[in-house]
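Heads up, the thing below is written out as structure tokens.
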Amino acid sequence: MDEAEKNAVEERIVEQLKNCFDPEIPVNIYDLGLIYDIQVEPAGDVAIKMTLTAPNCPAAQSLPVQVKTAAEKAEGVESAEVEVVFDPPWTTEKMNDSAKLVMNIL
């Protein structure tokens with residue numbers, strides 16, 4: 001898999017991740033800024049670093065599973081591993097502008 005193919009796979013993963021929502025916030029997790037990193041390996045294995053809006057988030061058990069499932073639906077992905085990290089901590093500054101508009105932050 002060359003760099004262009006990796007980028008295409010990453011774009012397809014992002015599209016899938018936009019179908020995952022924090023149950024308490026009406027914005028998808030990608031636009032919320034909860035996805036910190038997506039690494040696509042040549043064999044189609046994917047490593048995703050994500051965070052939660054708070055360490056005690058009620059969706060702490062379900063969101064990483066949703067992210068793994070969504071990523072594995074993307075064409076070109078053989079398997080996905082999701083790591084939840086809290087450094088750097090999530091803030092509303094990580095949200096994109098469309099998410100900020102929905103949340104009345106802009």
Side-chain angles (χ1 to χ4, degrees):
M1 182 181 300
D2 65 21
E3 203 60 36
E5 289 173 302
K6 284 183 180 181
N7 290 338
V9 169
E10 184 174 339
E11 287 176 23
R12 290 191 293 269
I13 291 168
V14 168
E15 287 307 309
Q16 291 294 325
L17 294 178
K18 287 185 175 184
N19 294 314
C20 297
F21 289 81
D22 183 307
E24 297 181 335
I25 303 172
V27 177
N28 72 71
I29 63 168
Y30 189 82
D31 290 347
L32 269 178
L34 297 183
I35 303 299
Y36 283 175
D37 188 44
I38 301 171
Q39 293 292 317
V40 179
E41 297 300 321
D45 298 319
V46 174
I48 299 173
K49 286 188 180 176
M50 68 171 292
T51 194
L52 303 169
T53 55
N56 59 349
C57 174
Q61 300 302 314
S62 62
L63 271 181
V65 174
Q66 288 180 19
V67 168
K68 176 180 172 53
T69 301
E72 288 177 343
K73 287 181 182 177
E75 182 183 337
V77 174
E78 292 300 317
S79 68
E81 292 297 322
V82 177
E83 178 184 2
V84 177
V85 297
F86 293 102
D87 188 28
W90 180 85
T91 66
T92 56
E93 293 302 313
K94 299 200 180 301
M95 297 167 66
N96 69 20
D97 287 345
S98 64
K100 289 178 181 178
L101 280 173
V102 169
M103 299 297 294
N104 261 344
I105 294 175
L106 268 184

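As the structure is a prediction and not an experimental result, all values here were calculated from the model.
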**Heavy-atom closest contact (A59 atom, P64 atom, distance)** = O-CD, 4.0 Å
**Request:** Establish whether M50 and I25 are linked, either directly or via other cluster members, by ILVMFWY side-chain heavy-atom contacts under 4.5 Å.
**Result:** yes
**Item:** Nearest atoms (heavy-atom pairs only) where L52 meets C57
**Value:** CB-CB, 4.0 Å
**Complete:** Residues I29 and D22: closest non-hydrogen pair is CG2-N, 3.8 Å
**Prompt:** Do E3 and K6 come within less than 4.5 Å of each other through their side chains, counting heavy atoms only?
**Reply:** yes
**Item:** Atom pair CD1/NZ of I35 and K18 - distance to nearest 0.5 Å
**Value:** 11.5 Å
**Prompt:** Can you list every side chain to side chain donor-acceptor pair (under 3.5 Å) pair that touches residues 69-98, not counting sequence neighbours?
**Reply:** D31-N96, D45-S79, K68-E72, N96-S98
**Pairs satisfying side chain to side chain donor-acceptor pair (under 3.5 Å), at least one member in residues 34-44, at least two apart** = D37-Q39
**Asked** Are V85 and L34 grouped together when hydrophobic residues (ILVMFWY) are joined by side-chain heavy atoms under 4.5 angstrom apart?
**Response** yes
**Message:** Under 4.5 Å between side-chain heavy atoms, counting indirect links through other Ile/Leu/Val/Met/Phe/Trp/Tyr residues: same cluster for L32 and I105 or not?
**Reply:** yes
**Request:** Taking all heavy atoms of G76 and all of V9, pick out the closest pair and write down the distance.
**Result:** CA-CG2, 4.2 Å
**Request:** Identify the two heavy atoms, one from I48 and one from V67, that lie closest to each other, and give their separation to 0.1 Å.
**Result:** CD1-CG1, 3.9 Å
**Request:** Kindly check if the number of other-residue, nucleotide or ligand heavy atoms within 6.0 Å of NZ (K49) is above 12?
**Result:** no
**Item:** Minimal non-hydrogen separation, V40 against M1, with atom names
**Value:** CG1-SD, 3.8 Å
**ILVMFWY cluster, F21 and Y30 together (side-chain gap under 4.5 Å)** = no
